[in-house]
Amino acid sequence: MMKWFLVALAVTLSNTSIAMDKWRGLIEVQPDVYLTLGFNIDLSENTITLDSPNQGMFGKSPTEFTISKKHVSFKDKDLHASFSGHIEDDIMRGTFKQGEDMPIVLHRLSTLDLARSKFEGAYFGELDVNGNILPLILQVAAIKDGFYTSLDSPSQQSYSIPVTKFTIDDNQMTFNSKMIGASFSGFKNEDGYEGKFIQGFEMPLVLRKKK
């Protein structure tokens, strides 16, 4: 299993009639392992905040920044990170630096993308493995045309495990993780998404979204 403590971010840039847009992108931290990056920018208010949805960080204000319709840059002392990028139409290309330079392409989220963001967040559950309770966290981030999701197993010190074939709506959630040979399918009730987690054998699991 892998451990990742890189702080990710997502980008929103003001554009004509909308005061705040959201832009999101993925940064590859290991082959086939990603973190969602994002910024939330309001040009009319000259503000920017940083998000790392897969790590549960939202609304982080950087130490210093510069924003315009064509350029975004910031530095943050707490994260020991910086970013510089240029915008063309609905695409931002830049470099995120946190120990090393990492190129990233971010996309402005559409109205449909933003509608899906209501499912974004951390879903907590507990697996009973032969009498041993194993906490499990599903991290869901809205990106262009869909979601990027990953699993955390804190007691095993395993984070950002890639999830594939993720689907969610107001009635059902399903996902697979090829890396760990696991899958889940559950239906929404008043407790959360209740179903079965399969990894060699079936285990009941309820995933509840953190408020």
Side-chain angles (χ1 to χ4, degrees), residues 4-122 139-150 159-160 162-163 166 168 209-211:
W4 292 107
F5 302 99
L6 174 76
V7 178
L9 318 163
V11 188
T12 51
L13 181 68
S14 176
N15 193 30
T16 60
S17 62
I18 300 177
M20 180 180 289
D21 291 338
K22 287 184 176 290
W23 295 60
R24 290 278 171 88
L26 298 175
I27 188 165
E28 190 171 26
V29 294
Q30 182 178 308
D32 299 322
V33 178
Y34 299 85
L35 288 174
T36 308
L37 312 183
F39 310 155
N40 309 291
I41 300 173
D42 188 335
L43 282 181
S44 64
E45 298 293 333
N46 192 40
T47 61
I48 176 173
T49 59
L50 317 176
D51 295 341
S52 177
N54 295 112
Q55 296 182 308
M57 186 191 80
F58 295 90
K60 175 72 170 68
S61 298
T63 306
E64 58 183 89
F65 65 88
T66 301
I67 57 176
S68 70
K69 291 183 178 180
K70 293 295 183 181
H71 180 258
V72 173
S73 64
F74 72 82
K75 292 182 180 179
D76 190 86
K77 292 182 179 179
D78 296 332
L79 307 180
H80 303 289
S82 64
F83 173 85
S84 180
H86 288 83
I87 299 161
E88 185 174 349
D89 297 326
D90 292 337
I91 297 176
M92 177 183 287
R93 303 179 190 275
T95 300
F96 176 75
K97 184 173 183 179
Q98 193 179 41
E100 61 180 294
D101 291 348
M102 292 165 279
I104 181 171
V105 177
L106 302 105
H107 298 269
R108 184 164 58 133
L109 298 188
S110 68
T111 301
L112 291 177
D113 297 328
L114 292 172
R116 281 192 292 270
S117 67
K118 72 175 185 177
F119 296 110
E120 184 174 80
Q139 303 282 6
V140 178
I143 60 173
K144 178 177 171 58
D145 298 330
F147 298 96
Y148 182 76
T149 52
S150 59
Y159 301 90
S160 300
V163 166
F166 174 80
I168 190 171
K209 187 177 182 180
K210 180 180 179 180
K211 295 182 180 179

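Index from 1, following the sequence.
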Listed once per pair and sorted, the salt bridge (charged side-chain N to carboxylate O under 4.0 Å, His left out) pairs that draw on residues 79-88, sequence neighbours left out
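Every pair satisfying salt bridge (charged side-chain N to carboxylate O under 4.0 Å, His left out) with a residue in residues 79-88: there are none.
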
Checking [X] side chain against [Y] main chain: does a donor-acceptor pair fall under 3.5 Å?
X	Y	result
D42	S44	yes
E120	A142	yes
Q139	S160	no

Atom pair [atom1]/[atom2] of [X] and [Y] - distance to nearest 0.5 Å:
X	Y	atom1	atom2	value
L79	K77	CG	NZ	13.0 Å
D89	R108	CG	CZ	8.5 Å
L35	I27	CG	CD1	7.5 Å
H80	Q98	NE2	CD	8.5 Å

Under-4.0 Å salt bridge between R24 and D51
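Yes, charged N to carboxylate O under 4.0 Å.
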
Applying side-chain contact (heavy atoms from CB on, under 4.5 Å), name anything that partners [X], two or more places apart in sequence or on another chain.
X	value
T95	D101
F119	Y123, F147, I168, D170, Y193
D145	D113
D32	none

Show the nearest heavy-atom pair for residues [X] and [Y], with the distance to one decimal.
X	Y	value
G25	L106	N-CD2, 3.6 Å
T47	I67	O-CD1, 3.7 Å
S150	N54	OG-ND2, 3.5 Å
K75	S82	CG-CB, 4.0 Å
I143	L109	C-CD2, 3.7 Å
K209	K118	NZ-O, 2.5 Å

I104 and F83: CA distance, side-chain angles, deciding distance, side chain to side chain contact (heavy atoms under 4.5 Å, CB included) verdict
CA-CA 10 Å; I104 181 171; F83 173 85; 3.9 Å; yes

If you define the side chain from C-beta out and look only at heavy atoms, does anything of [X] sit under 4.5 Å from [Y]?
X	Y	value
P162	Y148	yes
D90	H107	no
P62	I48	yes
V72	I87	yes

Trace of the side chain to side chain contact (heavy atoms under 4.5 Å, CB included) decision for F58 with L50:
CA-CA 6 Å; F58 295 90; L50 317 176; over 6 Å; no

Step-by-step side chain to side chain contact (heavy atoms under 4.5 Å, CB included) determination, D76 to F65:
CA-CA 9 Å; D76 190 86; F65 65 88; over 6 Å; no

Residues forming a side chain to side chain donor-acceptor pair (under 3.5 Å) with D78, sequence neighbours excluded
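K60.
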
So, using side chain to side chain donor-acceptor pair (under 3.5 Å) as the criterion, who are the partners of S84 when residues are at least two apart?
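Scan of S84 (side chain to side chain donor-acceptor pair (under 3.5 Å), adjacent residues dropped) gives H71.
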
Applying side chain to side chain contact (heavy atoms under 4.5 Å, CB included) to L26 and E28, what does each step give before you reach the verdict?
CA-CA 6 Å; L26 298 175; E28 190 171 26; over 6 Å; no

